[in-house]
Colleague: 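Pasting a structure below so you can have a look.
A note on names: the letters A, B, ... follow the listed sequences, proteins ahead of strands, and every chain is numbered from 1.
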Number of protein chains: 2
Amino acid sequence: MASRGYGQYCGLARALELVGERWALLIIRDLLVGPRRFSDLRRGLPRIPSNVLSDRLKELEERGVVQRRILPRPASATVYELTQYGAEIEEAIMRLGTWGAQALGEPRPDEIVTADSMTIALRSTFVPGQATGKHLSFELHMGPVVLNGRIDNGNLQVGEGPVPQKDLVVYTGPALKRLFDRSLTPQQALEADLVTIEGDPALLETFAQVFQIGSHRETASA
Amino acid sequence: MASRGYGQYCGLARALELVGERWALLIIRDLLVGPRRFSDLRRGLPRIPSNVLSDRLKELEERGVVQRRILPRPASATVYELTQYGAEIEEAIMRLGTWGAQALGEPRPDEIVTADSMTIALRSTFVPGQATGKHLSFELHMGPVVLNGRIDNGNLQVGEGPVPQKDLVVYTGPALKRLFDRSLTPQQALEADLVTIEGDPALLETFAQVFQIGSHRETASA
DNA sequence: CTGGATCCCTCACGATACTG
DNA sequence: CAGTATCGTGAGGGATCCAG
C-alpha cells in the first residue's frame, strides 16, 4: 500500500512509508514488549494472515525498523526484535494508543485482549508524576490475560503471568478503561462488581491513581 | 483498509481503525495547521486521487475526527476542520513526524515540500526549553515554500507567506534537516552555500538552536 | 472555479492450503 | 514451527465527468 510513496519530503510521510501499512504498528507494539518469534506474533495477532505477517516483517527489516536474530543453541529459533531506530518509535505509539483509547467503548464481541497489548496499555497510561512515593506490586487479570507489575516511585515494571508476592490482585474487564479515564471511581467499580480484588481496597485507589487516559484538566480548576 | 477492524480491544488498534488508512494522517497533518477546503487539501496533497480524499474526509467525519463547516456568507464555502477529539492527536503526529524525519535523506526527485508540512515540521521540532530568553522573527524559504515565524521565549508562532518585519531571512533546501539533526553547523551550512541568509549570521545560530530532530544525548556526555 | 462523483484498472490484502 | 504458494476480492490510483 504505502509501497508507493506519498511524494512528500516530510517526516510524517516518511514515517508512514516505513510503518504505515496495515498491521505494521501492531506488530511493532508487540515487539516493544520484547523480542518475539513468528508464532508468538501470530498468537498475539490472531487475525493477521501469515503471509501478511511474513511480508510486514520482511519490509520492516528492509527498512531498518526490525531485525532478525538467531537465538544461540540449543534454542536455534529466529526471533524478531526492534532495531535501535525502530525502538525509538515507542513514544509515538504510546501517544497514538492513548488517543485511540479514548474512543474505546465496550469491546465488540469479536475483540480480544492480549498480554502484549495490555502491557503497552499499562506502560502508556502510567503517569510517573502520580506515582512519586507510591509502592505497589500487583497482579492484574483481564479475562484470560494475567499480568504482574511493580510500581516504585516514578517507575513501573510490567511482566506477563502471575507472581507469588503481591500486595494486590485485580480481576476486571473493560471497566479498567473506565477507571483510567476517571469515569468510574474504584469504589463504584467494586460496588458494581466490575472489579474484584484480593487485598486492601485502599491499594486499588493507589493503583487507579497512577494510570490515566486523557488529560483531565478539570481537576486543576478544582 | 482498516474498514475491517483488527479484532483487538486496544487503544492503538482503535486509533488505527480511526486514522490508519492511507492518506488519513497526512490529511490530518494539514488540518492541524488550520481549517482547509477540499481544494486546499488537494493542493497540499497533489498525489491523492480526489475520490480517495473524498472517501477519507467522509470516514473521518463519521468517526468524529473531522467536521465540515459551512463558512458564513459571502464565502459560503465548506471547510474541513478537526474536531476537538481530532485535534488531540497532535502530539502523536508530531512524534511520528520527528521519528520519520530521522530517516529522511536527500529528497527524491518527485518529492515536494508544502507549506503545511513545513509548518508542522517546524512546530514539531521546536524545543521550548532551548528558546527561553530567545526572541527572533524570521522568514524561511524552502524552494517555493515561504513561511514566517516568531520565536518568543518558549513560544513559536508559524504562518505562511512573507512578512515585512523580520530579523532574519533564511533561504535553504534539504540542508535544513541537517541543521536540525546537528549533522551540519550553521557556519558549515553558510560556507557550503547550503543556506543563504539576509541578516546577522549569529541569528542563524539562534534559529538552529531552537529546532531539533532526535535527542542528541551525546552532547550531555561532553 | 470549487467540490466532488463515477469508471476502470491494478495491486495489495486476506483466506486457505501447503512445504521445509 | 516458520514460513511460502496460490488465488479471489476489494481498496487505492488515476482519468474523466458532473453539479453548484
Side-chain angles (χ1 to χ4, degrees), chain A residues 1-8 13 16-27 30-31 35-63 66-81 110, chain B residues 1-8 13 16-27 30-31 35-63 66-81 110-112:
Chain A
M1 265 304 113
S3 48
R4 205 161 222 154
Y6 291 97
Q8 303 220 347
L16 293 172
E17 287 164 5
L18 291 175
V19 299
E21 279 154 13
R22 193 159 156 76
W23 294 107
L25 283 180
L26 292 182
I27 294 169
D30 287 6
L31 294 181
R36 292 288 182 264
R37 290 176 302 174
F38 192 88
S39 48
D40 296 330
L41 292 169
R42 281 191 83 169
R43 243 190 310 283
L45 274 3
R47 298 259 282 252
I48 191 174
S50 62
N51 60 344
V52 174
L53 176 56
S54 184
D55 289 350
R56 289 295 162 275
L57 289 170
K58 216 170 300 176
E59 294 158 6
L60 291 173
E61 191 182 354
E62 284 169 3
R63 296 167 188 179
V66 161
Q67 56 192 336
R68 296 170 57 120
R69 189 159 50 94
I70 312 286
L71 255 39
R73 315 208 45 165
S76 301
T78 42
V79 294
Y80 296 87
E81 60 190 358
D110 60 338
Chain B
M1 255 317 110
S3 47
R4 206 160 220 153
Y6 290 98
Q8 305 221 348
L16 293 172
E17 287 163 7
L18 292 175
V19 299
E21 281 155 8
R22 190 157 159 79
W23 293 106
L25 283 180
L26 292 182
I27 293 168
D30 286 8
L31 293 181
R36 293 287 184 266
R37 291 176 300 176
F38 191 88
S39 48
D40 295 332
L41 293 168
R42 280 190 82 169
R43 244 190 308 284
L45 273 1
R47 298 258 283 252
I48 192 175
S50 64
N51 59 345
V52 173
L53 176 56
S54 185
D55 289 350
R56 289 297 161 275
L57 288 170
K58 215 170 301 175
E59 295 160 4
L60 292 173
E61 191 182 356
E62 283 170 4
R63 297 168 187 177
V66 161
Q67 56 192 336
R68 296 169 56 120
R69 189 159 51 93
I70 312 286
L71 255 39
R73 317 207 40 164
S76 299
T78 45
V79 294
Y80 296 87
E81 59 190 0
D110 60 340
E111 286 186 327
I112 63 169

Colleague: According to side-chain contact (heavy atoms from CB on, under 4.5 Å), who are the partners of Ile112(B), at least two apart in sequence or on a separate chain?
Modeller: Gln8(A), Pro46(B), Thr114(B)
Colleague: For the helix from dC1(C)-dG20(D) to dG20(C)-dC1(D), what is the angle between the axes at its two ends, each from 5 pairs, rounded to 10°?
Modeller: 30°
Colleague: With a 4.0 Å limit, can you tell me whether Tyr80(A) has a side-chain N or O closer than that to the phosphate oxygens OP1/OP2 of dG3(D)?
Modeller: yes
Colleague: Are OP1 or OP2 of dA5(C) and a side-chain N or O of Lys58(B) less than 4.0 angstrom apart?
Modeller: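 Yes.
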Colleague: Among dA5(C), dT2(C), dC13(C), find the nucleotide with the atom closest to the side chain of Val52(A).
Modeller: dC13(C)
Colleague: Do Ile27(A) and Ile48(A) have side chains that get closer than 4.5 Å, going by heavy atoms?
Modeller: yes
Colleague: Touch check for Arg68(A), heavy atoms < 4.0 angstrom, all strands: base, sugar-phosphate only, or nothing?
Modeller: sugar-phosphate
Colleague: State whether Ser54(B) places a side-chain N or O below 4.0 Å from either non-bridging phosphate oxygen (OP1 or OP2) of dG4(C).
Modeller: no
Colleague: Could you state the atom-to-atom distance from CG of Asp110(B) to P of dG13(D) in whole Å?
Modeller: 14 Å
Colleague: Figure out the CD/P separation between Glu59(A) and dC11(C), and round it to whole Å.
Modeller: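 Going from Glu59(A) (CD) to dC11(C) (P), I get 16 Å.
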Colleague: Please state how far atom CD1 in Ile27(B) lies from atom P in dG3(C), giving the value in whole angstrom units.
Modeller: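 Going from Ile27(B) (CD1) to dG3(C) (P), I get 15 Å.
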Colleague: Polar atom pairs between nucleotides 14-16 of chain D and protein, under 3.5 Å, N or O only, would you list them?
Modeller:
residue: dG14(D); atom: O6; partner: Asn51(B); partner atom: ND2; Å: 2.6

Colleague: Looking at residues at least two apart in the chain, or sitting in another chain, which of them share a side chain to side chain donor-acceptor pair (under 3.5 Å) with Glu81(A)?
Modeller: Arg69(A)
Colleague: Which residue is it: Arg68(B), Arg36(B), Gln67(B)? I am looking for the one with a side-chain hydrogen bond (donor to acceptor under 3.5 Å, both in side chains) to Tyr80(B).
Modeller: Arg68(B)
Colleague: With rounding to the nearest 0.5 angstrom, report the CG to OH distance, Leu16(A) to Tyr6(A).
Modeller: 5.0 Å
Colleague: Go through the structure and list residues passing salt bridge (charged side-chain N to carboxylate O under 4.0 Å, His left out) with Arg37(A), not counting sequence neighbours.
Modeller: Asp40(A)
Colleague: Using the test side-chain contact (heavy atoms from CB on, under 4.5 Å), find all partners of Arg47(B) that sit at least two apart in sequence or belong to another chain.
Modeller: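 Applying side-chain contact (heavy atoms from CB on, under 4.5 Å) to Arg47(B) gives Trp23(B), Asp110(B).
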Colleague: Check this for me: does any side-chain nitrogen of one of Lys58(B) and Glu61(B) sit under 4.0 Å from a carboxylate oxygen of the other?
Modeller: no
Colleague: Expressed as a whole number of angstroms, how long is the span from Asp55(B):CG to dG12(D):P?
Modeller: 7 Å
Colleague: Kindly write out the residues that satisfy salt bridge (charged side-chain N to carboxylate O under 4.0 Å, His left out) with Arg42(B), not counting sequence neighbours, or none if the list is empty.
Modeller: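 Arg42(B) satisfies salt bridge (charged side-chain N to carboxylate O under 4.0 Å, His left out) with no other residue.
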Colleague: Please report the distance, rounded to the nearest Å, between CG in Asp40(A) and P in dC1(D).
Modeller: 9 Å
Colleague: Nearest to the side chain of Glu21(A), which nucleotide is it out of dC13(C), dG4(C), dG12(D)?
Modeller: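 Of the options given, the side chain of Glu21(A) lies nearest dC13(C).
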Colleague: How many angstroms lie between atom CG of Leu53(A) and atom CG of Leu26(A), to the nearest 0.5 angstrom?
Modeller: 11.5 Å
Colleague: Please state how far atom CD1 in Ile70(B) lies from atom P in dG4(C), giving the value in whole angstrom units.
Modeller: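 Spelled out: CD1 on Ile70(B) to P on dG4(C) is 9 Å.
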Colleague: Between Leu57(B) and Phe38(B), is any pair of side-chain heavy atoms under 4.5 Å apart?
Modeller: yes
Colleague: Let me know the distance between CD of Glu61(A) and C1' of dG3(D), rounded to the nearest Å.
Modeller: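 It works out to 14 Å between those atoms.
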Colleague: When the nearest nucleotide of DNA chain D is assigned to Trp23(B) and to Phe38(A) on a heavy-atom basis, which residue is associated with the more 5' position?
Modeller: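 The residue closer to the strand's 5' end, by nearest nucleotide, is Phe38(A).
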Colleague: Pull out every protein N or O sitting under 3.5 Å from an N or O of nucleotides 18-20 of chain D, one pair per line with the distance.
Modeller:
none

Colleague: Under the side-chain contact (heavy atoms from CB on, under 4.5 Å) test against Leu60(B), which residue among Val66(B), Leu18(B), Leu31(B), Asp55(B) passes?
Modeller: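 For Leu60(B), the side-chain contact (heavy atoms from CB on, under 4.5 Å) test succeeds with only one of Val66(B), Leu18(B), Leu31(B), Asp55(B), which is Val66(B).
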Colleague: Is the phosphate of dA11(D) approached by Arg22(A) (side-chain N or O, under 4.0 Å from OP1 or OP2)?
Modeller: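 No.
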Colleague: Rounded to the nearest Å, what distance is computed from the CZ atom of residue Arg36(A) to the C1' atom of nucleotide dC1(D)?
Modeller: 17 Å
